[in-house]
Structure formats: structure tokens, C-alpha cells
Student: 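Supplied in C-alpha cells, the structure appears directly below.
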Amino acid sequence: MRNRLLVIFSIVLLTSGCKKEEKAIIPRLKNCYINALQFTDDPRYFNIPEIRIDGSLIGSPGILFSYQNGKVSRSTGGLLMVGFGPLMLTDLPYDSLVYAANSVLVYSKPFSPYLVMQTEDPDSPTIYEYYKDGRLKAIIRRDQSAVHYSYQDDMIKEVNLNGGIDRNFYFENGNLIKITKKIELPDLNYYRLKEILFQDYDNNPNPFKGLFHLPGAFFRAFSVNNFTRIIINEYHSTDNVNFEQFYKSDCWYRPGYNEAGYPMFGEYE
């Protein structure tokens with residue numbers, strides 16, 4: 001009887017010891033509403049300040065995602081330059097994504113320059129380089145200009161090829177809360193400061209975490225949770241001391257949530 005009990009006990013230990021840990025399944029977005037994304041000031045588009053949206057896309061899932069091997073292989077919807085005017089967000093362009101060891105190459109078609117003074121190679125991709133832990137390392141644009149990201153505690157510095165700091169990113173509790181950019185032209189007695197504030201975070205998981213290479217997802221990709229409000233303030237000065245505000249925008253986007261707690265930025269698979 002004793003030997004029989006020992007055998008049963010051993011079987012219980014073996015079966016419990018061999019139990020596999022279940023990985024959390026992260027739902028994948030089939031599409032995304034334009035309202036949930038932020039294209040203005042995205043470094044992929046050279047921080048262009050003015051982007052217009054095709055009115056038919058407002059309130060609709062304007063960006064569509066296709067997957068292969070568990071990763072986005074194609075996104076439909078993006079920016080096109082209309083004449084010599086601003087970039088227009090439409091459903092015509094698409095991105096083809098190619099994954100390398102620690103980078104993602106984004107080929108955008110049909111080709112549309114992101115700058116009026118075209119210096120971009122139509123056949124070149126926008127390249128997103130990553131560290132092994134998934135943090136963003138650099139973005140190489142289609143004209144071969146680039147920005148690199150330097151991490152310091154709760155701050156990230158966006159550094160250009162000349163070693164200058166383009167922008168500072170500030171974090172709290174794993175979430176991006178502020179970006180600042182300063183332009184200094186002392187010979188012209190002109191100084192300009194821009195700040196972008198990300199506010200009213202929820203406590204829910206972020207489906208865009210780490211996906212900097214998806215259109216309009218750059219700012220969301222930094223954070224653990226989801227901001228629902230963006231405030232943009234701009235100031236100028238003639239002495240670099242006293243700044244006067246000349247622009248402000250304040251936008252909200254309050255999504256609902258699915259049963260898994262993910263924000264309804266679009267439809268999930």
C-alpha cells in the first residue's frame with residue numbers, strides 16, 4: 001500500500017512539474033480609426049506640422065492591417081502629397097513591411113514625397129532599428145537622414161546626425177507624458193518652443209506598444225497604457241527668457257474597451 005501511494009504521489013509531482021505556462025494572447029487589430037492615431041510631428045514625415053485628412057475617413061477605420069507569421073505585413077492607408085500643398089491622409093497609399101534581425105523596413109507605395117523639396121529616393125524604405133529588448137534605436141528616412149534615440153532614466157533624447165537634440169521625451173509610470181522641441185535662432189533674436197502633452201491615460205494594455213513602424217502609431221508605441229488626450233502648445237520669444245504662447249490645440253479620443261480590456265481603436269481579429 002505504501003509503495004502504491006509513493007507511485008501515485010510521484011505521478012502527481014511529475015504532471016504538475018511538466019505543466020506549461022500559458023502565454024497571454026495579445027489581440028491583433030484588423031483596422032484602426034483615424035481618430036486614434038497621430039500623424040502630425042511623426043519623425044517619419046520629417047515632423048511636418050500640417051497634415052489634412054480626407055473627410056470620408058473621419059470616424060471610419062481608415063488604416064487596415066494584414067498579417068503574416070504573426071506580424072503586420074501590410075498596412076493600407078497613409079499620407080500623400082497633393083500638388084505642392086500639405087500631406088493628405090487618404091486610403092490610397094499602402095506600406096509593405098519587411099522584417100530583418102533588429103529592424104523593420106517600410107516600403108510606401110505609391111511614392112509620394114514627404115517634403116516639397118524632394119530629396120527622397122522613391123525605392124528606399126523608411127527603416128526602423130530596434131534594440132534587442134524592443135526599444136526604438138533609430139529611424140532612417142528615405143533621404144538617408146536619421147534620428148537616434150538615447151535613453152536616460154525617465155527621458156529619451158531624439159538626436160540627429162549632427163549630434164544635436166531635436167526633441168526630449170519625458171515619461172512617468174512607463175507612459176510618455178510630454179515632448180518638447182526648441183528652436184534657437186539668436187542671430188535673428190527668435191526662439192520657439194513646442195510642447196506636446198499626452199494626458200488622461202487609462203490603466204489598460206496598449207495594442208500599439210513597441211509598434212513604432214505602423215502609420216500614425218509612433219507616439220502610442222512608447223507607452224504601456226493608452227493616452228486619451230493630446231494638448232499641443234507653442235510659444236515664441238525674442239530674448240529666450242520671456243515666452244508668449246501663440247498656438248494651442250486640445251484633442252480628446254475616448255475609446256470603449258473589449259472584454260480583454262483592450263481599447264477599441266478599431267476591430268480586432
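Because the structure is a prediction, the values reported are computed rather than measured. For the numbers below, each heavy atom of this structure counts, side chains included, while hydrogens, waters and symmetry mates do not.
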Student: Do the non-hydrogen side-chain atoms of L29 and F208 ever get within less than 4.5 Å of each other?
Tutor: yes

Student: So, do Y94 and R74 sit near enough that their side-chain heavy atoms are less than 4.5 Å apart?
Tutor: yes

Student: For R141 and E120, indicate whether the former's side chain and the latter's backbone hold a donor-acceptor pair under 3.5 Å.
Tutor: no

Student: Applying the side-chain contact (heavy atoms from CB on, under 4.5 Å) criterion to H148, which one of L161, I139, I140, N160 satisfies it?
Tutor: L161

Student: Just wondering, do T228 and P255 contact through their side chains at under 4.5 Å, heavy atoms?
Tutor: yes

Student: Looking only at non-hydrogen atoms, find the nearest pair between I156 and Y151 and report the distance.
Tutor: CD1-CE2, 3.2 Å

Student: So Q68 and Y99, do their side chains get closer than 4.5 Å, heavy atoms only?
Tutor: no

Student: Would you kindly confirm whether F39 and I232 end up in one hydrophobic cluster when ILVMFWY residues are joined by side chain heavy atoms under 4.5 Å apart?
Tutor: yes

Student: Heavy-atom count check: over 12 atoms from other residues, nucleotides or ligands less than 6.0 Å from D133 CG?
Tutor: yes

Student: Please verify the inter-ring angle class for F218 with Y149; under 30° counts as parallel, over 60° as perpendicular, anything in between as tilted.
Tutor: tilted

Student: Counting N and O atoms only, with roles assigned by atom type, does the side chain of Y201 sit under 3.5 Å from a partner on the main chain of L176, one being a donor and the other an acceptor?
Tutor: yes

Student: Could you report the tightest heavy-atom contact between P263 and P205, atom names first, then the distance?
Tutor: CD-O, 3.3 Å

Student: Report yes or no: do L64 and L79 belong to one cluster of Ile/Leu/Val/Met/Phe/Trp/Tyr joined by side chain heavy-atom distances under 4.5 Å?
Tutor: no

Student: Can Y257 and D202 be said to form a side-chain hydrogen bond (donor to acceptor under 3.5 Å, both in side chains), step by step?
Tutor: CA-CA 11 Å; Y257 298 86; D202 60 21; 2.6 Å; yes

Student: Of all the heavy-atom pairs spanning Y130 and S103, show the shortest one and how long it is.
Tutor: CD1-CA, 4.5 Å

Student: Can any side-chain N or O of N226 pair as donor or acceptor with the backbone N or O of N204 at less than 3.5 Å?
Tutor: yes

Student: Among F222, F198, W252, whose ring-ring contact (aromatic ring centres under 6.0 Å, His included) with F227 holds?
Tutor: F198

Student: Measuring only between side-chain heavy atoms, which start at C-beta, is K181 closer than 4.5 Å to D41?
Tutor: no

Student: Identify the residue among D166, N168, N240 that makes a side chain to side chain donor-acceptor pair (under 3.5 Å) with K182.
Tutor: N240

Student: Should we say atom CG of D121 is surrounded by more than 12 heavy atoms from elsewhere, each under 6.0 Å from it?
Tutor: yes

Student: For side-chain contact (heavy atoms from CB on, under 4.5 Å), just list the numbers for T126 and R142, CA-CA rounded to whole Å, side-chain angles, deciding distance to a tenth of an Å, and then say yes or no.
Tutor: CA-CA 5 Å; T126 303; R142 298 182 308 191; 3.6 Å; yes

Student: Under a single-linkage definition using a 4.5 Å side-chain heavy-atom cutoff for Ile, Leu, Val, Met, Phe, Trp and Tyr, are L105 and L214 assigned to the same hydrophobic cluster?
Tutor: no

Student: Count I, L, V, M, F, W, Y as connected when their side-chain heavy atoms are under 4.5 Å apart, and connections chain through other members. Are I183 and V147 then in the same cluster?
Tutor: no

Student: Would you confirm whether N31, through its side chain, and E267, through its main-chain N or O, come within 3.5 Å as a donor-acceptor pair?
Tutor: yes

Student: What's the spacing between L37 CG and F219 CZ if we round to 0.5 Å?
Tutor: 11.5 Å

Student: Can you name the closest pair of heavy atoms from S124 and Q144 and give their distance?
Tutor: OG-NE2, 4.1 Å

Student: Between I231 and K248, is there a side-chain heavy-atom distance shorter than 4.5 Å?
Tutor: yes

Student: Side chains of S237 and D239: do they bring a donor and an acceptor to under 3.5 Å?
Tutor: yes

Student: Measure the CZ-OH distance between F265 and Y268 for me, rounded to the nearest 0.5 Å.
Tutor: 6.5 Å

Student: When you compare the side chain of Q245 with that of Y235, does any pair of heavy atoms fall below 4.5 Å?
Tutor: yes

Student: In this structure, are over 12 heavy atoms from other groups packed under 6.0 Å from E244 atom CD?
Tutor: no

Student: Within the distance-only criterion (no hydrogens, no angle test), does the side chain of N175 pair as donor or acceptor with the backbone N or O of V224 below 3.5 angstrom?
Tutor: yes

Student: Drop me the distance from Y128's OH to R44's CZ, to the nearest 0.5 angstrom.
Tutor: 4.5 Å

Student: Could you pull out the closest heavy-atom pair between P122 and K109, with the gap in Å?
Tutor: O-NZ, 3.5 Å

Student: Closest approach of Y253 and A36, non-hydrogen atoms and distance?
Tutor: CE2-CB, 3.6 Å

Student: Report whether I63 and Y107 are members of the same hydrophobic cluster (ILVMFWY, side-chain heavy atoms less than 4.5 Å apart, transitive linking).
Tutor: no

Student: Using 0.5 Å steps for rounding, measure from the CZ atom of F169 to the CG atom of D154.
Tutor: 14.5 Å

Student: What distance do R192 atom CZ and E234 atom CD have between them, rounded to the nearest 0.5 Å?
Tutor: 4.5 Å

Student: Going through the distances and angles, do N258 and M264 end up as a side-chain contact (heavy atoms from CB on, under 4.5 Å)?
Tutor: CA-CA 7 Å; N258 65 14; M264 297 299 293; 3.6 Å; yes

Student: For the residue pair K71 and L97, establish whether any side-chain heavy-atom pair is separated by less than 4.5 Å.
Tutor: no

Student: Quick one: pull up CD in Q199 and NZ in K178 and give me the separation to the nearest 0.5 Å.
Tutor: 11.0 Å

